[in-house]
Structures are given as structure tokens and as C-alpha cells.
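Just below is one structure, and these are the notes that go with it.
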4 protein chains.
Amino acid sequence: MHKAEVRDRIIHAAIESFSQAGFDRTKMDDIARRIGLSKGTLYLYFKSKEDLFIAISEHYINQLREPLDAEAPTREDLVADAEQFYETFRKIGRPGDDRVIFEMLVESTRNPRLKKAMHEHRLRVHGVIVSYLQRQVERGFFRSDIDIDSLAWAFMSAWVGLTIYKLCGVSEPTVKKAWASMMRAAYAGMG
Amino acid sequence: MHKAEVRDRIIHAAIESFSQAGFDRTKMDDIARRIGLSKGTLYLYFKSKEDLFIAISEHYINQLREPLDAEAPTREDLVADAEQFYETFRKIGRPGDDRVIFEMLVESTRNPRLKKAMHEHRLRVHGVIVSYLQRQVERGFFRSDIDIDSLAWAFMSAWVGLTIYKLCGVSEPTVKKAWASMMRAAYAGMG
Amino acid sequence: MHKAEVRDRIIHAAIESFSQAGFDRTKMDDIARRIGLSKGTLYLYFKSKEDLFIAISEHYINQLREPLDAEAPTREDLVADAEQFYETFRKIGRPGDDRVIFEMLVESTRNPRLKKAMHEHRLRVHGVIVSYLQRQVERGFFRSDIDIDSLAWAFMSAWVGLTIYKLCGVSEPTVKKAWASMMRAAYAGMG
Amino acid sequence: MHKAEVRDRIIHAAIESFSQAGFDRTKMDDIARRIGLSKGTLYLYFKSKEDLFIAISEHYINQLREPLDAEAPTREDLVADAEQFYETFRKIGRPGDDRVIFEMLVESTRNPRLKKAMHEHRLRVHGVIVSYLQRQVERGFFRSDIDIDSLAWAFMSAWVGLTIYKLCGVSEPTVKKAWASMMRAAYAGMG
DNA sequence: CATGAATGAGTCTTCATTCAT
DNA sequence: AATGAATGAAGACTCATTCAT
């Protein structure tokens, strides 16, 4: 079990490094020193820098979060929920997570292995949102002629975009309000 | 004039390289070879690799595109316009542009000079969208109680998110339909 | 006794490794894994990788093989014996031995300790061959004006050369026939 | 042409290094410093350490030396020639050459590309010796029932063996006399 | 005795940058 | 203006060796 613990510490140090410097500018030495280990030790746990990064990515990708399960009792609550959505999401991840996920996004545009994994993850998330919207249609909260599939992609995109904006320095409240307004408008238009 | 032309060719070669490989993995040599110049020559035009990248970024940042100027005659046309928006945008940029802009986004999270420039650009785009929405409110096409500022951010985010999804392999039609659905819903909700 | 047995198993695993990969590319880890021991354990038996190699070398060097003791009854038998020589030698060593001995040869050109040991071994073998040839001269099988000393070196060289050729992919029958032809010609010339 | 000259200097520095330390223990840095260049420069001329080594090997392999062309007027001269053979050979190569060729031999037992090249070279040398012996048979200097093919291999082996013995510290005169005695005996036996 | 986790010096290789021509 | 040879700092990765358990 000790080994698993060290592995874990490496992963967290790596997340920090990758978050701060990005994949290419992160040095194995830097990761090692963050936890008082030597460079060589990292290679006992991960075959290469890329492997370490992929391990982290898979760690995230496998955490499928489903914050959309609860049913809002009324249509108004539904809107309120959607607005809360951002807050909910934000609280789940450790600080810094967004940044690594961004790195994963960047890397995935070049690394086929990562690209595939992230695409599958995206499809799973999409599925969750689709079935959520489906339920609301069935409950009569949304019109039945909406394009659920496309809207799910749109919501996901907006989420990704806002996350990136935040990384680029757009303030948290701005981002949160943007999400809420969008949700309010869209839900109104869908109802 | 000759000098400006060479500079231009370098910039375009660099855009291609940065698009394909990202900033860190782009080699000066690669850029040079694309236009049959020697590595050394690049340094006559740009002080460093970073400088070249910043020059490209500024080149993009200064291209403020305002495709929202035309006034739709009816509310229905407005919605149709918004749906066309994606198509419009897509046609403006050369293929590959998205990718460099993504690189710029990545870099801007670390490079203060770039961060500032991109933030200013973002504010300008935001301003354009805000005044566009404003006009629609004034024309009575949108309700006057909407949070124009936040919605502008939301639209921009959705745009950025979709662009990134496209880079990650989400198909063009999917992305386009997502944008259209979102716009239709939001405009309906705002009306 | 148990200790001697483990030591022996290490030596044999090492011989295999050195044979396959050569001294420099053999990893202590590889040797250890071949016999299900841990790397650390090797160091309880041998101070260093070099020490282990030297131990192996000495193991071989001390095996002075004297297949030249039997007296051929006639001159014709002598020639036949010489032709069989190759076969005889070949059977004595385990397969793979040639390869380690080649490694020893290589190393001995750099490692003084090994160089000395191998030189002494060489002199001993030379001595055996010299006295063998001497006996044949005394029996009147070879002319008395031959340069026994030099011929002994020549035979040894030819042997070494053929062994190396075999390692380099020259076929066993080719090598064997080469030895036989050489011996037949030389013995004829010496008779 | 300047480039070819630098390339040549690198090759010679490399030959020295490989001769002294062997492939694995030769450091690119060491090669570079021998000729006052930087490590990086080597990589402008050779893709990798292995490539540099292969280049050297091919350089040697392509030098097919044919010192057997001259016809001896008498049978006695033939023997004398053969005895001189060693001397002749020795003079052709630069000092140190034997050592690299030995390294090539070692490497060729593992590197398929090198193995093939050296085998082809070996076959060419073999061909030269075979036709030399053939000529002597035709001239009536050697008996026609000798196994020319096998004898050619035997001579080559003896040569290789002596070369290696020399590298291992056997003295030059010893080696030379060994060759002469062997040749005298074999030629006598073949005549 | 045995282990195997940890080490860190050592090496190859890359590539942005410089500069003499 | 252009070249391209040369540089050397930087960084990933390896592996013999050590040592606490």
C-alpha cells in the first residue's frame, strides 16, 4: 500500500507541475523535487513523462461526475438548478484541476491515445446531459421539438468556454453570471 | 516593401507550424524550411521564437471582426442570422487559424504580455456583442430585463467551447447544429 | 554450501546475460530476474558488476582444457585427430560460452586485471600445444626444423578466428571444414 | 568541401575514441572535444552515435584491399610472399585501425545492419583469396585436390585471430612469426 | 540473508540562438 | 540581406549501487 501512496503523491505533484507549466515545460526533476523524491524514482512508477501525463488524464477522465441526477420539483426550480450548476461543478474539482484538464485538451489534439480517451469521456458526459434534457421534456418542462442532442453539445461547449475564460483571467463572478444568464434564456426559450 | 513581404511569409509559415505542432514543439528550423529560408534569417525579422509568436498573436488580435453589424429586418431574421453566425465566422478565418488561436489561448495563460493583449481583444469583442444585443433590445426584439453583459460573455464562451470541440475532433455539422440550437433557444428565451 | 549454490546460480545467469548483451549492455536487474533474485542480493555475493564479470572470467580461465593428451598411434591418426579437434572443443563448452569468452577478450583489451589473467591462460594453453607438437617431433611425425612455438600461436589464432567467425554468423560446417583443411595442409607441410 | 573535411575529422576522432574505449564507453562529448568541436556539431553530421559508428564501419568495409594480386615468379617466392603478407597488411591500415575493426566485429554480433555489411565484406575478401589460391593451383604451385574454399576461410580466421591476439598484448614479432610459420607449413602441405 | 525502493551521476540528443562570411 | 555552421544549455531517461527494513 505504501507504493500506492507514493504513486499518489507523484500524481498530485505532477498535476501541480503540469497545471503551472504545461506539459512541455514541466520537468520531471521539478515534479520529483516537489515531493522530495529523486528523478529516478518517478521512473519506477511511470515509464515516461507521457505515461505519467496519460495516467493523470485517465484519472480525471474516469471520474464521471453526474450532478444532474436530482429532479427539480418545478420548472422554476429547474432554472434555479441550472444556474447553480456552475457553482456545483466548481466545488467538486480540486483547485488547479481546470488547468490540467486544459492541458489534457491541448495534448489530446495531438496525442491519439489521449484524444480517444477524452472523446469517449465527452460522449459519456453528453449522454448524461441528453438523458437529463430528455427527462425534462417528458415532464413537460421543455418543448418536445427541441434538438436535445445539439443542445447538450451546446451546453457542454459553453461550459468548456467559460472554464477557459476563467483560466485566461475572466473573473469568477463574471463567468458564473454568464452561465446563469445563458441558462435562464435558453431554458425560457426551450420551455 | 520587400522586407515586409518576407516578414509576411515568415508569419504565415509560422502560423502553419504553430498550428500543427503547438508553440513548444514548433522548431524554428521547420518554419524556415517551409519558405526556403535559413534559420538565421528568421532572426533578422524576429528577435526570438517568442517574439515571432507574439507578433502572430497581435496580428490576430488586431483583426477585430465585426460580423454583427447588419441589422436583421425582422425578429425571425435575427434568429436565422444568429444560426448563420457560425458559418460566417468559419469562412473568415483561414483553415488552421483556430488552432493557432487555441495556442495563443494556452500561451496567454502563462505569458503576461500575451494575456493582456488577448484580454483587451476579448473586451473589444465583448463590446461589439454587447452593443449588438443592446440594439436588439432597443428595437424591441429582446426583452429589456436581460443581462446583456453576461449574455455576451456566454455567447463568446459557447463559441470558444465549440471551436475547441472542433479541434478535438467533434464533427463540423455537430458543432454547427449545436450553435444553431443554442441560439434559437436563447433568442426565444430572450424575446 | 547454500551460499555457494546461490553464487553459482548468479554466475550462470550472468554468463547468459553477458553472452546475449555483452558487458556494457547487461543490466544487473536482468541477471537478478533470471534467477528470481533481487538486484540487491547480487551485491551480497559480488562487490560490483565488474567483480561479477571478473569472477566469471576467472571461472573460465581456470578451466584449462587439455584435449591433446592422447597419443595418436600413426601419423594418419594424428591428422584425423587434428581434424576432430574442432568437434572435440565444441562439445566441451556449454552453448553460449564462446560468446562470453569473446566478451572477456574484448574487456581484457581494457581491463588490466583481466588482461593479465587471460594472458596467463593463453600462455598455459600455448604451453600445452607446444609440448604436444614437441612430442610429435620426437616421435618423428613432424620434422624437427619446424618452429614449434610459432606454430602453436598460429593454431591458437586460427582457433580464435574461427570461433569469432562463428559468432559473426559463419556457418558451423564451414568453420569446421576450414579447420580440417588447414590442419591437413599444415600437418602435411610439417611432416 | 569544407563540410566534407569536418566530417572527416569527426570520423577520425571517432575512430580514436571507439578504438580506445569501445562503442558503449565512448562519449559523444569526448569525440567532439578531440577536435575542438561541440557535441551538438556532431549531430549536424551524423544522426546518432550509432550512425557515426556505422559510417565508420562502412568506411572500412568498403576499403577492400587486394594485396594478393601480384604473381610470384616461383613457388619459393610464393611462400616468401605469404610470409610477407602480414607485414604488408599491417602497413596499410593506420595504427588503431585494428581496434575499431575489432569493435565492429563485436557490434556486428548484435547490430543486424552491421552484421550484414560485414558479412558481405567477408565474402568479398573470401572471394579474393579463393581466386588467388585458384591461380596457384592453375600454375601448378598447389595440388589440385585442396579444398580452396575452406582454406580461404582458414587463412582469414588465422589472420583475424592473430590480429586479436595482438590487441590482447601478444607481441608483434610473435604474431608475425606465427603467421610465417603457418604459411610455410600450409603451403608446403598444399604443394 | 534477502529485499526492493530510492538515488543521482552520467549520457544522448535537441534546438533556440549567434555570428563570421 | 542571407546564410548555415557552430554552440551549449537543457532535459528525458538509465542503471549501478546503497541501505533501511
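The sequence lines fix the lettering, A, B, ..., with proteins before strands; numbering per chain opens at 1. Owing to the predicted nature of the structure, the values given are computational and were not obtained by experimental measurement.
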(message) Checking C:Lys27 now: which residues fulfil salt bridge (charged side-chain N to carboxylate O under 4.0 Å, His left out) with it, not counting sequence neighbours?
(response) none
(message) If the threshold is 4.0 Å, N to carboxylate O, is there a salt bridge linking B:Arg110 and B:Glu50?
(response)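 Here B:Arg110 does not pair with B:Glu50 in a salt bridge, since their nearest N and O are not under 4.0 Å apart.
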Using every non-hydrogen atom in the two residues, find where [X] and [Y] come nearest and quote the distance to one decimal.
X: A:Leu105; Y: A:Arg122; value: CD1-NH1, 4.2 Å
X: B:Leu114; Y: B:Met104; value: CD2-O, 3.8 Å
X: D:Met28; Y: D:Leu42; value: O-CD1, 3.3 Å
X: A:Val100; Y: A:Ser19; value: CG2-OG, 3.1 Å

(request) Pull out every residue in residues 103-114 of chain A that has a heavy atom closer than 4.0 Å to any atom of DNA chain F, ordered by number, or say none. (result) none
(request) Using only side-chain N and O atoms of A:Ser38, determine if any of them is under 4.0 Å from OP1 or OP2 of E:dT7. (result) yes
(request) Can you label the angle between the C:Phe53 ring and the C:Phe18 ring as parallel, tilted or perpendicular, going by 30° and 60°? (result) perpendicular
If I take atom [atom1] in residue [X] and atom [atom2] in nucleotide [N], what distance separates them, rounded to the nearest angstrom?
X: B:Ile31; N: E:dA16; atom1: CD1; atom2: P; answer: 8 Å
X: D:Lys3; N: F:dT3; atom1: NZ; atom2: P; answer: 15 Å
X: A:Ile35; N: E:dA5; atom1: CD1; atom2: P; answer: 15 Å
X: C:Arg7; N: E:dA2; atom1: CZ; atom2: C1'; answer: 18 Å
X: C:Leu42; N: E:dG4; atom1: CG; atom2: P; answer: 13 Å
X: B:Leu52; N: E:dA16; atom1: CG; atom2: C1'; answer: 12 Å
X: C:Glu5; N: E:dC1; atom1: CD; atom2: C1'; answer: 14 Å

(message) Just so I know, are the side chains of C:Ile11 and C:Ile15 near enough to count as touching, which here means a heavy-atom distance under 4.5 Å?
(response) yes
(request) Can you run down the side chain to side chain donor-acceptor pair (under 3.5 Å) pairs that involve residues 34-47 of chain D, sequence neighbours left out, and say none if there aren't any? (result) D:Glu16-D:Arg34, D:Ser17-D:Arg34, D:Gln20-D:Arg34, D:Asp30-D:Arg34, D:Ser38-D:Thr41
(request) Going 5' to 3' through nucleotides 12-21 of chain F, assign each nucleotide B (protein heavy atom under 4.0 Å from a base atom), S (under 4.0 Å only from sugar-phosphate atoms) or - (no protein heavy atom that close). (result) SBBSBBB---
(message) Main chain of B:Ile35, side chain of B:Arg9: is a donor-acceptor contact present, judged purely on distance under 3.5 Å?
(response)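 The answer is yes, because a donor-acceptor pair under 3.5 Å joins these two groups.
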(message) Pairs counted only when both distances fall under 3.5 Å, Watson-Crick or G-U: show me the 5' to 3' dot-bracket for DNA chain F, [ ] for pseudoknotted crossings and | for other-strand partners.
(response) .||||||||||||||||||||
(request) May I ask you to say what D:Tyr45 touches in the nucleic acid, namely base, sugar-phosphate or nothing, with a heavy-atom cut-off under 4.0 Å? (result) sugar-phosphate
(request) Not counting sequence neighbours, which residues clear side-chain hydrogen bond (donor to acceptor under 3.5 Å, both in side chains) with D:Arg7? List them please. (result) none
